[in-house]
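So that the names make sense, note that chain A is the first sequence line, chain B the second, and so on, each numbered from 1. Note that these values count all heavy atoms, side chains included, but never hydrogens, waters or copies made by symmetry.
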2 protein chains.
Amino acid sequence: MDGKIVNLKSKIEIYKAMTNGANFADCPVRDVMQGMNGKWSPLLVTALAEKPYRFGELRRLVPDISQRMLTQTLHELQRDGYVHREVFPTKPPSVEYSLTDLGRSMFVPLYQLVQWAELNHDAVREARAAFDAAQA
Amino acid sequence: MDGKIVNLKSKIEIYKAMTNGANFADCPVRDVMQGMNGKWSPLLVTALAEKPYRFGELRRLVPDISQRMLTQTLHELQRDGYVHREVFPTKPPSVEYSLTDLGRSMFVPLYQLVQWAELNHDAVREARAAFDAAQA
DNA sequence: AGTGCTGGTCTCTTTTTGAGACCATCAAAG
DNA sequence: CTTTGATGGTCTCAAAAAGAGACCAGCACT
């Protein structure tokens with residue numbers, strides 16, 4: 001019988017209707033968001049938005065990043081086109097990282113989020129305290 | 001001699017001057033940013049911004065999230081005060097998740113970032129392709 | 001000859017994430 | 001009356017990612 005088939009079909013249609021056909025998988029936005037969503041990416045972009053920095057300067061500026069993650073995160077940011085990497089033939093050679101136009105463009109909305117965090121971190125801390133108290 | 005000590009002190013002062021005293025460690029903004037910066041958090045907040053959803057609906061809406069990470073991420077979002085969790089005594093009991101006022105407030109700048117990603121994902125993909133080609 | 005600064009890489013351990021089995025309860029189907 | 005399915009989870013184990021720290025080459029200064 002087609003009973004089951006019809007049922008299944010209608011379920012799929014109902015589901016698609018419910019979600020307005022929006023499927024969050026295979027979404028390019030997710031893919032791009034991941035790139036600026038790492039643990040260190042927003043921090044480094046914010047630092048570089050102020051002015052270009054050299055590798056060692058960034059390491060000192062963000063004391064709790066490991067050298068390994070600094071290398072890796074800068075590499076990813078460079079790959080996504082947010083950061084420009086330039087090597088100067090000094091001795092020892094120095095490497096300067098700076099934001100590209102794309103990076104500066106991305107920093108505009110990112111900074112909005114940072115500002116929100118700045119304004120509302122009290123509220124978030126209170127929410128956490130209240131939640132933890134309720135659990136106990 | 002104090003030679004070395006003076007040198008060290010001046011280095012610290014030079015460093016603080018260079019960075020304008022900004023220390024990115026122990027920054028409350030970082031702490032708050034981490035909360036909305038996970039792999040799944042922005043996605044779930046975006047979904048819940050549209051309308052409240054139940055646990056199973058979210059799982060179907062985001063097919064590639066594991067049940068474990070869905071539970072955990074919603075729990076963190078609830079702890080940070082972005083999400084409200086309500087259990088309805090139906091049989092079987094159903095659980096609805098919705099954004100709080102704080103969550104809706106946070107979604108405003110988050111959505112700016114999502115829109116940027118929507119507008120610029122082509123540029124990012126091109127940057128990646130160019131970078132990968134240059135490496136080869 | 002020894003020390004330090006440069007920007008990394010390599011290895012090892014710990015933490016985080018993903019995949020999937022399992023659970024209790026009740027409704028409807030067969 | 002037994003099976004099947006949906007509810008929202010938790011638990012365990014494997015895989016992936018992140019952190020800690022050693023190591024490296026080249027050159028300057030002492």
Side-chain angles (χ1 to χ4, degrees), chain A residues 1 3-4 6-8 10-12 14-15 18 25 30 34-35 37-44 48 52-79 83-98 135, chain B residues 1 3-4 7-8 10-12 14-15 18 25 30 34-35 37-44 47-48 52-79 83-98 135:
Chain A
M1 296 307 217
K4 281 190 176 177
V6 169
N7 247 330
L8 184 58
S10 63
K11 274 184 187 174
I12 291 174
I14 287 168
Y15 169 64
M18 279 190 335
R30 276 181 66 179
Q34 301 285 5
N37 222 272
K39 178 170 181 182
W40 303 107
S41 312
L43 191 58
L44 294 177
L48 293 175
Y53 278 106
R54 289 174 44 193
F55 187 87
E57 290 175 328
L58 286 171
R59 188 156 50 96
R60 284 185 291 273
L61 202 57
V62 186
D64 55 344
I65 193 174
S66 69
Q67 209 160 345
R68 188 180 155 281
M69 285 313 291
L70 182 55
T71 304
Q72 185 177 311
T73 307
L74 286 170
H75 188 85
E76 288 165 4
L77 290 174
Q78 189 193 354
R79 189 175 106 98
V83 159
H84 173 70
R85 177 182 186 270
E86 189 157 8
V87 182
F88 292 99
T90 57
K91 290 162 191 169
S94 57
V95 181
E96 190 183 80
Y97 292 91
S98 56
Q135 295 300 83
Chain B
M1 296 305 213
K4 282 190 175 176
N7 247 331
L8 185 58
S10 63
K11 274 183 186 173
I12 291 173
I14 288 168
Y15 168 64
M18 280 189 335
R30 274 181 67 180
Q34 300 286 4
N37 222 269
K39 179 170 180 182
W40 303 107
S41 311
L43 191 58
L44 294 177
L48 293 175
Y53 278 106
R54 290 176 42 195
F55 186 87
E57 290 175 328
L58 286 171
R59 191 156 49 95
R60 284 185 291 272
L61 202 57
V62 186
D64 54 347
I65 193 173
S66 67
Q67 208 161 343
R68 189 180 155 281
M69 285 313 291
L70 181 55
T71 304
Q72 185 177 311
T73 307
L74 286 171
H75 188 84
E76 289 165 4
L77 290 174
Q78 188 193 354
R79 189 175 106 95
V83 160
H84 174 69
R85 177 181 187 271
E86 189 158 8
V87 183
F88 292 98
T90 58
K91 290 163 190 170
S94 58
V95 181
E96 190 184 80
Y97 292 92
S98 55
Q135 294 301 83

Does [X] put a side-chain nitrogen or oxygen below 4.0 Å from OP1 or OP2 of [N]?
X	N	answer
B:K39	C:dT16	no
B:Y53	D:dG8	no
A:K91	C:dC5	no
A:W40	D:dG19	yes
A:R59	C:dC5	no
B:R68	D:dG8	no

Interatomic distance where [atom1] belongs to [X] and [atom2] belongs to [N] [whole Å]:
X	N	atom1	atom2	answer
A:E57	C:dC5	CD	P	14 Å
B:I65	D:dG8	CD1	P	14 Å
B:Q72	C:dT17	CD	P	6 Å
A:D64	D:dG21	CG	P	13 Å
A:M69	C:dG8	CE	C1'	15 Å
B:L70	D:dT7	CG	P	13 Å
B:F55	C:dC23	CZ	C1'	14 Å
B:Q67	D:dT7	CD	P	10 Å

When rounded to the nearest 0.5 angstrom, what is the spacing between CD in A:Q34 and CG in B:L43? 8.5 Å

Would a 4.5 Å heavy-atom cut-off, applied to side chains only, mark B:L58 and B:I65 as touching? no

Side chains of A:F55 and A:L74 in contact at under 4.5 Å (non-hydrogen atoms): yes

By the 4.0 Å heavy-atom rule, please label A:R54 as base, sugar-phosphate, or nothing. sugar-phosphate

How is A:F88 classified with respect to the nucleic acid when contacts are heavy atoms under 4.0 Å: base, sugar-phosphate, or nothing? nothing

Can you name the one residue among B:M69, B:E76, B:Q72 that meets side-chain contact (heavy atoms from CB on, under 4.5 Å) with B:W40? B:M69

Note: A:P42 and A:G38 closest approach over all heavy atoms is CD-O, 3.2 Å

5' priority, DNA chain D, between B:L74 and A:G38 [closest heavy atom]: B:L74

Where the side chain of A:R85 is defined as all heavy atoms beyond and including C-beta, which of C:dG7, D:dT10, D:dT7 is the nearest nucleotide? C:dG7

Of the nucleotides C:dT9, C:dC5, C:dG7, which one has an atom closest to the side chain of A:T71? C:dT9

